[in-house]
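Input: a single structure, listed below in structure tokens.
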Amino acid sequence: MTQNKFTGGKFNRSDKTLDGSNRAYVNFEGLETLWFNTGTLCNIACKNCYIKSSPQNDSLVYLTLNDVKGFLRELSSDGHDTKQIGFTGGEPFMNPEIVSMTQICLQKGYQVLILTNAMRPMMRQKVKQKLLELNSSFGNQLNLRISLDHWSKASHDKERGKSSYDETLKGMRWLSENGLNMTIAGRALLAKPGENVRQEYSNLFAKHGFDIDAFNPSKTVLFPEMDETADVPEITTSCWSILNKTPTDMMCSYSRMIVKRKGDRTPRVIACTLLPYEPEFELGKTLQDASKPVFLNHPHCAKFCVLGGASCSA
């Protein structure tokens with residue numbers, strides 16, 4: 001057996017934990033959310049980006065409109081009861097076809113969620129004009145989730161780079177002034193002991209007149225940290241009852257993500273938005289291929305999803 005890259009030799013086998021217990025797995029219950037990773041290129045390089053996005057990382061290349069159309073046809077022909085399409089990156093607004101991909105999903109009646117830092121790629125004049133048109137035509141079908149790691153400039157810029165806080169707030173003000181739906185993704189563990197995270201975000205939203213409910217977890221999503229080197233427990237089948245959770249709580253029971261790797265001619269379907277580089281979580285070239293169970297064989301499965309209770313879907 002090859003040396004495992006994780007702490008203490010954990011996560012070595014798909015079906016068994018280090019002590020020989022049966023590893024927890026999640027059955028596919030139906031495709032509620034289909035994610036498209038538009039590419040790993042980003043206008044910034046964050047300190048702790050789980051997907052290692054940057055201005056140089058093109059490990060996942062840009063998806064095209066035709067790629068998206070192909071999976072939308074599969075959704076229709078196979079009768080999936082999919083409600084939401086999500087676009088993530090990298091920075092989705094760096095993909096030259098993001099607006100066209102968004103538009104076709106909206107036209108087909110899907111709710112569309114775009115994860116963005118609301119910085120310069122989104123604020124290009126051509127993009128802003130198209131967003132205004134889409135908002136006018138489709139209204140509440142379109143939502144943008146803005147990455148605002150912390151309510152303070154100093155802590156946010158420490159993670160995302162100098163002046164990123166001011167640029168993101170500028171983008172948020174534009175979205176707010178033009179009536180586009182906006183939610184927030186923050187990081188709870190950047191808070192200091194004793195700080196009321198949601199109250200601090202609420203104060204910030206009130207200061208800038210943003211109509212965002214900081215106390216609603218679906219409007220202000222606070223994600224746990226993800227560190228592959230951290231020593232986290234493996235999840236066994238017995239953990240479900242101990243933790244009072246069920247496999248259907250996990251996002252791999254109701255979502256999949258499409259990626260296109262550099263050098264590949266066709267996209268692939270993977271189990272999780274958090275694990276685009278792990279071969280074990282690649283499930284095939286079609287959504288039908290990807291309806292198989294997923295073993296929770298990664299630290300992110302434990303810390304982010306099971307113990308953290310987080311989900312990338314709205």
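Nothing fancy with the numbering, it's 1 onward along the sequence. Both backbone and side-chain heavy atoms feed into the values below; hydrogens, waters and symmetry mates do not.
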Quiz item: Does K285 NZ have over 12 foreign heavy atoms under 6.0 Å away?
Solution: no
Exercise. Look only at the side chain of T102 and the backbone of I98, and say whether a donor-acceptor pair between them is shorter than 3.5 Å.
Key: yes
Quiz item: Should V112 and N143 count as side-chain neighbours, where that means a heavy-atom distance under 4.5 Å?
Solution: no
Quiz prompt | NZ/NE/NH1/NH2 to OD/OE distance under 4.0 Å, R23 and D15 | solution = no
Quiz item: Are a donor atom and an acceptor atom from the side chains of N66 and T64 found within less than 3.5 Å of each other?
Solution: no
Exercise. Looking only at non-hydrogen atoms, find the nearest pair between M251 and C305 and report the distance.
Key: CE-SG, 4.1 Å
Practice problem: Would you indicate whether the side-chain heavy atoms of L34 and L75 approach each other to under 4.5 Å? | Solution: yes
Quiz item: Are I114 and M94 connected, step by step, through hydrophobic side chains (Ile, Leu, Val, Met, Phe, Trp, Tyr) whose heavy atoms are closer than 4.5 Å?
Solution: no
Quiz item: Is K245 atom NZ crowded by more than 12 heavy atoms from other residues, nucleotides or ligands, each under 6.0 Å away?
Solution: yes
Quiz item: Between E32 (side chain) and T82 (backbone), is there a donor-acceptor pair under 3.5 Å?
Solution: no
Quiz item: Given side chains that start at C-beta, do those of K153 and D166 come closer than 4.5 Å, heavy atoms only?
Solution: yes
Practice problem: Indicate the atoms forming the closest heavy-atom contact of N135 with G179, along with that distance. | Solution: ND2-O, 3.4 Å
Practice problem: Would you please classify the geometry between the H298 ring and the F281 ring as parallel, tilted or perpendicular, with 30° and 60° separating the classes? | Solution: perpendicular
Practice problem: Go through the steps to decide whether E234 and F11 satisfy the test side-chain contact (heavy atoms from CB on, under 4.5 Å), and finish with yes or no. | Solution: CA-CA 7 Å; E234 297 180 282; F11 306 101; 3.8 Å; yes
Practice problem: Determine the minimum heavy-atom distance between A185 and R145, stating which atoms define it. | Solution: CB-CD, 3.7 Å
Self-check item: Short side-chain to backbone donor-acceptor contact, E74 and Q288, under 3.5 Å
Solution: yes
Exercise. Report yes or no: do M182 and L204 belong to one cluster of Ile/Leu/Val/Met/Phe/Trp/Tyr joined by side chain heavy-atom distances under 4.5 Å?
Key: yes
Quiz item: Could you walk me through whether R160 and Y165 pass the side-chain contact (heavy atoms from CB on, under 4.5 Å) check?
Solution: CA-CA 8 Å; R160 293 183 173 254; Y165 181 83; over 6 Å; no
Quiz item: Under 4.0 Å between a Lys/Arg side-chain N and an Asp/Glu carboxylate O for E167 and K170?
Solution: no
Quiz prompt | Donor-acceptor pair, side chain of T220 and main chain of P217, under 3.5 angstrom | solution = no
Quiz item: Do you see a donor-acceptor pair shorter than 3.5 Å between the side chains of N43 and N117?
Solution: yes
Quiz item: How are the rings of Y201 and W151 set relative to one another: parallel (under 30°), tilted (30 to 60°) or perpendicular (over 60°)?
Solution: perpendicular
Quiz item: Taking S202 for the side chain and R198 for the main chain, is one N or O donor matched with an acceptor at less than 3.5 Å?
Solution: no
Self-check item: Validation row: L180, L132 side chains within 4.5 angstrom (heavy atoms)
Solution: yes
Quiz item: Above 12 or not: heavy atoms from other molecules or residues under 6.0 Å from NZ of K262?
Solution: no
Quiz item: Ignoring hydrogens and geometry, is there a side-chain-to-backbone donor-acceptor pair from R13 to L18 under 3.5 Å?
Solution: no
Practice problem: Indicate yes or no: does E91 engage R120 in a salt bridge with an N to O separation below 4.0 Å. | Solution: no
Quiz item: With distance as the sole test, does D289 use its side chain to make a donor-acceptor pair with the main-chain N or O of L283 at under 3.5 Å?
Solution: no
Quiz item: Which pair of non-hydrogen atoms, one from C105 and one from L72, has the smallest distance, and what is that distance?
Solution: SG-CD1, 4.0 Å
Quiz item: Side chains of E200 and N196: do they bring a donor and an acceptor to under 3.5 Å?
Solution: no
Practice problem: Would you check if the side chain of S77 reaches a backbone N or O of R73 as a donor-acceptor pair within less than 3.5 Å? | Solution: yes
Quiz item: Below 4.0 angstrom, N of the basic side chain to O of the carboxylate: do R187 and D149 qualify?
Solution: yes
Quiz item: Any side-chain donor-acceptor pair under 3.5 Å between T266 and R268?
Solution: yes
Exercise. For the pair K83 and D81, find out whether any cationic side-chain nitrogen is under 4.0 Å from an anionic carboxylate oxygen.
Key: yes
Quiz item: Should M122 and L131 be marked as a side-chain contact (heavy atoms from CB on, under 4.5 Å) after you check the CA-CA gap, both sets of side-chain angles, and the distance that decides it?
Solution: CA-CA 9 Å; M122 189 196 79; L131 284 175; 4.0 Å; yes
Quiz prompt | Note, Y25 side chain near V294 side chain (heavy atom, < 4.5 Å) | solution = no
Quiz item: Minimum heavy-atom separation for H156 to S164, with atom names?
Solution: CD2-OG, 3.4 Å
Quiz prompt | Verdict with reasoning, V269 to I258, per side-chain contact (heavy atoms from CB on, under 4.5 Å) | solution = CA-CA 5 Å; V269 187; I258 310 304; 3.7 Å; yes
Quiz prompt | Partner of K10 by side-chain hydrogen bond (donor to acceptor under 3.5 Å, both in side chains), out of D19, N297, D231 | solution = D231
Quiz item: Cluster question for you: counting only ILVMFWY and a side-chain heavy-atom cut-off of under 4.5 Å, with indirect links fine, are L287 and F36 together?
Solution: yes
Quiz item: With respect to Q141, which candidate in N181, L134, L106 satisfies the side chain to side chain contact (heavy atoms under 4.5 Å, CB included) definition?
Solution: L106
Practice problem: Check the angle between the aromatic planes of F210 and H208 and answer parallel, tilted or perpendicular using the 30° and 60° thresholds. | Solution: parallel
Quiz item: Is K260 salt-bridged to D264, going by a charged N under 4.0 Å from an acidic O?
Solution: no
Quiz prompt | Distance-minimising heavy-atom pair for I235 and T17 | solution = O-CG2, 4.2 Å
Self-check item: N37 and T88: CA distance, side-chain angles, deciding distance, side-chain hydrogen bond (donor to acceptor under 3.5 Å, both in side chains) verdict
Solution: CA-CA 5 Å; N37 187 298; T88 183; 5.1 Å; no
Quiz item: Are Y62 and I85 connected, step by step, through hydrophobic side chains (Ile, Leu, Val, Met, Phe, Trp, Tyr) whose heavy atoms are closer than 4.5 Å?
Solution: no
Practice problem: For E159 and N48, test the side chains for any donor-to-acceptor distance below 3.5 angstrom and give the result as yes or no. | Solution: yes
Quiz item: Quick check: does any side chain N or O of N95 sit under 3.5 Å from a backbone N or O of T38, one acting as donor and the other as acceptor?
Solution: yes
Self-check item: Path from L31 to M250 over hydrophobic side-chain contacts below 4.5 Å
Solution: no
Quiz item: Just by distance, do the side chain of Y277 and the backbone of I51 share a donor-acceptor pair under 3.5 Å?
Solution: yes
